[in-house]
Amino acid sequence: MINFPNRTLSSKTANKIKLSRLIDFIDDEYVDAVNSDSIVDLTVNSILANLDPHSVYISPSEQSTEAESMKGNFVGIGVNFYMYNDTVAVVKPLANGPAEKAGIQAGDRILYADNTKLYGRKLPSDSLFNKLKGAEGSEVLLTLYRKSINKKIKIKVIRDVVPIKSVAASLLLNKNTGYIKIDRFAESTYDEFRTGLENLKKQGTTSLIIDLRENGGGYLEKAVEIVDELLKNNELIVFTKNRKGIINKTFATDEGIFETGKIYVLIDENSASASEILAGAIQDNDRGIIVGRRSFGKGLVQREMDFDDGSAVRLTTARYYTPSGRSIQKPYTKGQGEKYSHDFETRFESGELYQKDKMVIADSLKFKTKKGRIVYGGGGIVPDIFVPLEVKKGEESLVYILNSGLVGHFVFEELDKNRNAFKNLTFDQFLTKMETENSYVPYFKKYLMDTGLDQKMSEDKALVKKYISAEFAQQLFGESQYYQIILKDDAMIKAVLK
């Protein structure tokens, strides 16, 4: 017989065993039936909440949805829809998608997918998506109600790969100023950006506006690839530093296609992470002008660990720094993720979103750009040109209403009353109609009140009208026409074009 030396478990190992035994004990012996999976989820969330605001647990359903968004495509029928009076209403079939090719129209109600009833069941959106998704090349028989002819019809749709664009728009604002709007940094973002930039250059673009407003980030490497098109060879883009002090630097290569034209980057309080990497690299290398308001302030890098059940954990493993050496991570208190995420409320109250001198800047964290300009660390990217919030003070919640789905739902319901009023209109005729006919603003205000929102908009009627008109254009014509309206008289665009 071999005698092994006595060993005591380390405190870390003992605690791991303790946690596992507790969950087994509850699972086996607790007086009531308990879902042990939910206990594990709670435990994991509780552990991560005590680290930092960006170390998070992602459930299987959330992970699946996010993976599709970041991949840049999914297999389905290709429609924008929402639940209207407990029925799946098609807002718009995606251009050249399976649904449009099969003849599905805006305003159609989807009653059945094969033999599965979709109306009157209060199904959550993810369940509805699953009924409409399937294998590439598979068929689904949809039973629709078409209001315009007051009939039920059946249409067979062959599912196909449907792109999810991350570059929302790429267009000319004038003869030499190009505009590219990036919604997030997904797998396809760099390719979409490159294609858009090449087309703009062919049209004569010598000044480029990159709009990162409301862009919460995504894949770091995609932001880096985009910056590489804008910086000269060997200019530093970003570097990361982990707990062990290991530094990884990323430099531009010599293959950029827009290394000399003027660049303007638009940011706001919701521009975060990869957006801030792009803006920081442009600013620190004195490559362009940053316009807008102080960005969110996320300077932490996450690594993802996947579990067998489809869930995942994103764990912060490093900090990233802009070329001048500044960390733009804003301060946070462990366990106070809610307060951290709702920092915009603090900015509203302080007046920072209206006055540049109200901006919180850490004087002790001064850094210098390549040409010696002073920039600051400790909480987001501070713009070179400050542009205040467009809505009047006291009506800040209107910003979030205008950027939510409420405007889209309102416009769908208005169109649904009489689509023939807009049928066969050219875009110019549509613009004339929106200018000369009664404003939809009072109807929108009533719509909000009916949903329980008594929103002031007396000082911002022109802004509200613009958003409503842009949404009409999007549902009737498409993304390009939406941006033609939404960018007209845009405060940040005007600051650039000056």
Task: Asn418 atom CG, over 12 foreign heavy atoms within 6.0 Å - done: yes

Task: Heavy-atom neighbours of Ile158 CD1 exceed 12 at 6.0 Å - done: no

Task: From Asp268, Asn215, Asn270, residue fulfilling side-chain hydrogen bond (donor to acceptor under 3.5 Å, both in side chains) relative to Ser275 - done: Asn215

- [ ] Verify whether one side chain among Tyr354 and Glu396 offers a donor that lies under 3.5 Å from an acceptor in the other.
- [x] yes

Open item on the list: Does Lys156 form a salt bridge (charged side-chain N to carboxylate O under 4.0 Å, His left out) with Glu139? I'd like the steps, not just the answer.
Closed with: CA-CA 7 Å; Lys156 187 181 291 183; Glu139 292 181 351; 3.7 Å; yes

Task: Electrostatic pair Asp416:Arg109 at N-O distance under 4.0 angstrom - done: yes

Open item on the list: Quick one, Glu198 with Lys202, criterion salt bridge (charged side-chain N to carboxylate O under 4.0 Å, His left out). Give me CA distance, side-chain angles, the key distance, then yes/no.
Closed with: CA-CA 6 Å; Glu198 286 174 342; Lys202 288 174 185 175; 5.8 Å; no

TODO: State whether a side-chain donor-acceptor pair under 3.5 Å links Glu414 with Gln475.
DONE: no

Task: Rounded distance (nearest 0.5 Å) linking atom OG of Ser188 with atom OH of Tyr219 - done: 10.0 Å

Open item on the list: Around atom NZ of Lys133, are there more than 12 heavy atoms from other residues, nucleotides or ligands closer than 6.0 Å?
Closed with: yes

TODO: Hey, could you give me the CG/OG distance between Leu212 and Ser295, rounded to the nearest 0.5 Å?
DONE: 10.0 Å

Task: Point-to-point distance, once rounded to the nearest 0.5 Å, from CG of Leu142 to CG of Asp108 - done: 9.5 Å

- [ ] Hey, could you give me the CD/CG distance between Glu136 and Asp160, rounded to the nearest 0.5 Å?
- [x] 5.0 Å

Open item on the list: Tell me if the aromatic rings of Phe472 and Tyr440 count as close, with their centers under 6.0 Å from one another.
Closed with: yes

Open item on the list: Could you go through Asp450 and Lys446, starting from their C-alpha distance and side-chain angles, then the distance that decides it, and tell me whether this counts as salt bridge (charged side-chain N to carboxylate O under 4.0 Å, His left out)?
Closed with: CA-CA 6 Å; Asp450 290 344; Lys446 183 180 183 304; 3.1 Å; yes

Open item on the list: So, taking the atom named CD in Glu192 and the one named NZ in Lys222, what distance separates them when rounded to the nearest 0.5 Å?
Closed with: 10.5 Å

Task: Shortest non-hydrogen contact between Pro93 and Gln105, atoms and distance - done: CD-C, 4.2 Å

- [ ] Classify the angle between the aromatic ring planes of Tyr82 and Phe412 as parallel (below 30°), tilted (30 to 60°) or perpendicular (above 60°).
- [x] perpendicular

TODO: Report the C-alpha distance between Glu269 and Arg294 in whole Å, list the side-chain angles of each, state the deciding distance to 0.1 Å, and finish with yes or no for salt bridge (charged side-chain N to carboxylate O under 4.0 Å, His left out).
DONE: CA-CA 6 Å; Glu269 53 282 351; Arg294 181 168 64 97; over 6 Å; no

Open item on the list: Quick check: Phe410 with Tyr447 (ring centres under 6.0 Å apart)?
Closed with: yes

Open item on the list: Using a 6.0 Å cut-off, check whether atom NZ of Lys488 has over 12 heavy atoms from anything other than its own residue.
Closed with: no

Open item on the list: Could you report the tightest heavy-atom contact between Glu214 and Ser271, atom names first, then the distance?
Closed with: N-OG, 4.1 Å

TODO: Please say whether more than 12 non-hydrogen atoms of neighbouring residues, nucleotides or ligands are located less than 6.0 Å from CZ in Phe307.
DONE: yes

Task: Stacked cation flag Lys465 on Tyr467, 6.0 angstrom / 45 deg - done: no

- [ ] Locate the shortest heavy-atom distance separating Ile180 from Gly196; write the atom from each residue and the value.
- [x] CD1-C, 4.3 Å

Atom pairs and distances, side-chain donor-acceptor, residues 453-462, under 3.5 Å, sequence neighbours left out:
unit_1 : atom_1 : unit_2 : atom_2 : d
Gln455 : OE1    : Ser397 : OG     : 2.7
Asp460 : OD1    : Lys392 : N      : 3.2
Asp460 : OD2    : Lys392 : N      : 3.4

Open item on the list: We want to know whether Ser138 and Arg159 form a side-chain donor-acceptor pair, criterion being a heavy-atom distance below 3.5 angstrom.
Closed with: yes

- [ ] Give every residue pair that meets the side chain to side chain donor-acceptor pair (under 3.5 Å) criterion with at least one member in residues 426-435, sequence neighbours excluded.
- [x] Thr426-Gln429, Lys433-Glu437

